[in-house]
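Below is one structure, written out as structure tokens, with a few remarks after it.
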Amino acid sequence: MSKEIYYEVNTDSFEPRDIFECGQCFRWNVEKNSYTGIFDDIVLNVKKEDSKIIFSGVTESDDAVEKIRKYFDLDRDYNSIKTRLSKTDKNMKIATEYGSGIRILNQNLWETIISFIISANNNIPRIKGIIERLSEKYGRPIEYSNKTYYTFPTPEELKDVEVEDYRKLGLGFRDVRLYETVKMVNDGAFHLDELYNKPTKEAYEELLKLSGVGPKVANCILLFSDLKRFDVFPIDVWVRRVINDLYIKNENEKKVKNSDIQKIADEKFGKYQGLAQQYLFYWRRELTWL
DNA sequence: CCCCAGGTCGTCA
DNA sequence: TGACGACATGGG
């Protein structure tokens with residue numbers, strides 16, 4: 001039986017648009033000045049009025065408020081991190097101001113793994129579509145406000161899905177990757193729980209064992225899931241672009257090595273490089289200044 | 001027709 | 001290690 005949720009908080013560093021459009025998540029959609037989405041078994045609408053954040057929705061669980069606080073990372077002081085990062089240089093100062101309302105969500109690990117496997121060589125609107133179709137087909141329905149939302153399918157719920165089924169959902173060449181990763185987790189060849197206790201570097205190496213998970217996707221999983229590691233720097237085409245434009249200035253962007261970019265991230269942004277990456281990504285992708 | 005998208009994998013040197 | 005092409009799909 002589902003229950004109504006209503007929860008208000010006053011907090012700074014919280015802008016729905018920045019949070020949901022900065023590229024970390026794929027299941028939130030804007031409508032009339034507020035965002036609606038689903039995580040865990042919670043369908044939620046998020047609205048900002050002045051400095052007040054209003055969460056309303058439905059859930060099947062008893063600890064929705066706790067889950068919301070955790071998901072939105074509400075117990076972390078983003079202002080102090082932004083202040084610290086903005087001291088590195090002028091670019092970072094501008095980027096943190098541009099995306100000042102960003103928070104890095106604590107998304108479900110399994111969902112984050114699958115979502116970012118799908119993200120490989122893909123664009124955000126299409127990634128969202130695939131994840132929606134995957135959830136509609138294999139997730140559980142939850143009704144809210146005259147609409148049906150679907151939970152993200154568990155490994156168990158994907159147990160009998162064939163490669164061809166994934167292909168029909170528009171996954172393209174990633175169908176095999178998804179199939180193999182689902183199988184590894186269901187067979188017990190890969191233990192999701194064990195990642196939480198590992199240092200970042202070890203968890204990274206472990207994630208690389210999954211099919212369809214390379215360096216970039218592994219780092220996105222570490223940063224955007226509830227593993228919540230800020231000491232990683234996912235490098236995609238946009239981050240490569242912005243780092244090259246600002247710091248390296250190589251005429252041929254493609255010739256810049258990832259190790260060079262990583263070195264700059266380590267030196268400039270240190271243990272908050274994951275967050276720095278997100279401010280830079282959001283800033284560069286929204287403002288195509290070049 | 002082209003090029004591109006939050007890349008990874010297999011192969012070859 | 002590093003380079004390079006293949007890999008679906010949909011939009012510009």
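Within every chain, numbering begins at 1; the chains are lettered A, B, ... in the order of the sequence lines, protein sequences first and strands thereafter. No hydrogens, no waters, no symmetry mates; every other heavy atom, side chains included, goes into these values. Quick caveat: nothing in here was measured; it's all calculated off a predicted structure.
Applying the ring-ring contact (aromatic ring centres under 6.0 Å, His included) test to A/Tyr144 and every residue at least two apart in sequence or in another chain returns nothing. With sequence neighbours excluded, the residues forming a side chain to side chain contact (heavy atoms under 4.5 Å, CB included) with A/Asn250 are A/Asn244, A/Ile248, A/Asn252, A/Lys255, A/Val256, listed by chain and number. Applying the side-chain hydrogen bond (donor to acceptor under 3.5 Å, both in side chains) criterion to A/Asn197, with sequence neighbours excluded, gives no partner residue. Here A/Lys93 pairs with A/Ser86, A/Glu97 under the side chain to side chain contact (heavy atoms under 4.5 Å, CB included) rule; sequence neighbours left out. A/Glu267 is linked by a side chain to side chain contact (heavy atoms under 4.5 Å, CB included) to A/Lys263, counting only residues two or more places apart in sequence or in another chain. Looking at residues two or more places apart in sequence or on another chain, you find a side chain to side chain contact (heavy atoms under 4.5 Å, CB included) between A/Lys90 and A/Ile94. For A/Tyr35, the ring-ring contact (aromatic ring centres under 6.0 Å, His included) partners at least two apart in sequence or on another chain are A/Phe20.
Summarising the geometry, the separation between CZ on A/Phe224 and P on B/dG6 is reported as 12 Å, rounded to the nearest angstrom. In this structure, CD1 of A/Ile117 is placed 16 Å from C1' of C/dA8, rounded to the nearest angstrom. Whole-Å rounding puts the A/Leu210 CG to B/dG7 P distance at 18 Å. Whole-Å rounding puts the A/Arg133 CZ to C/dT9 P distance at 11 Å. Rounding to whole angstrom units, CG of residue A/Asp236 and P of B/dC4 are separated by 15 Å. Rounded to a whole Å, the CH2 atom of A/Trp238 is 11 Å from the P atom of B/dC4. In this structure, the CG atom of A/Leu280 is 16 Å from the P atom of B/dG6, given to the nearest Å. Between A/Lys254 atom NZ and C/dC4 atom C1' the separation is 12 Å, expressed in whole Å.
With centroids closer than 5.5 Å and planes inclined by less than 30 degrees as the test, A/Phe281 and the base of B/dG6 pass as a stacked pair.
Across all strands shown, A/Arg241 has heavy atoms under 4.0 Å from sugar-phosphate atoms exclusively, and none from any base. A/Val239 comes within 4.0 angstrom of a base, heavy atoms only. Here A/Leu208 lies out of heavy-atom contact (under 4.0 Å) with every strand.
Atom NZ of A/Lys48 has more than 12 neighbouring heavy atoms from other residues, nucleotides or ligands inside a 6.0 Å radius.
Taking a 4.0 Å limit (strictly below) on heavy-atom distances, residues 22-31 of chain A does not reach DNA chain C anywhere. Residues from residues 159-185 of chain A lying near DNA chain B, meaning a heavy-atom separation below 4.0 Å, are A/Phe173, A/Arg177 in numerical order. Of all the residues in residues 118-130 of chain A, A/Asn121, A/Asn123, A/Arg126 reach under 4.0 Å from DNA chain C with at least one non-hydrogen atom.
Contact check on A/Lys67 versus A/Asp40 returns a salt bridge, with a Lys/Arg side-chain nitrogen under 4.0 Å from an Asp/Glu carboxylate oxygen.
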Problem set entry | ring pair (Phe, Tyr, Trp, His ring centres under 6.0 Å) between A/Phe116 and A/Phe26, intermediate numbers included | CA-CA 10 Å; A/Phe116 279 91; A/Phe26 304 104; 5.3 Å; yes
Problem set entry | Evaluation steps, ring pair (Phe, Tyr, Trp, His ring centres under 6.0 Å), between A/Tyr78 and A/Phe14 | CA-CA 9 Å; A/Tyr78 278 77; A/Phe14 192 118; 9.6 Å; no
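Between C/dG2, B/dG6, B/dT8, one nucleotide has an atom nearer to the side chain of A/Pro234 than all others, and that is B/dG6.
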What side-chain donor-acceptor pairs closer than 3.5 Å can you find for residues 214-225 of chain A, not counting sequence neighbours?
{"residue": "A/Asn219", "atom": "ND2", "partner": "A/Pro215", "partner atom": "O", "Å": "3.4"}
{"residue": "A/Ser225", "atom": "OG", "partner": "A/Ile221", "partner atom": "O", "Å": "2.7"}
{"residue": "A/Ser225", "atom": "OG", "partner": "A/Leu227", "partner atom": "N", "Å": "3.0"}

I'd like a table of atom pairs between the protein and nucleotides 11-13 of chain B - only N or O on both sides, under 3.5 Å - with the distance next to each one.
none

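The only member of A/Asp73, A/Leu105, A/Val46 that meets side-chain contact (heavy atoms from CB on, under 4.5 Å) when paired with A/Ile19 is A/Leu105.
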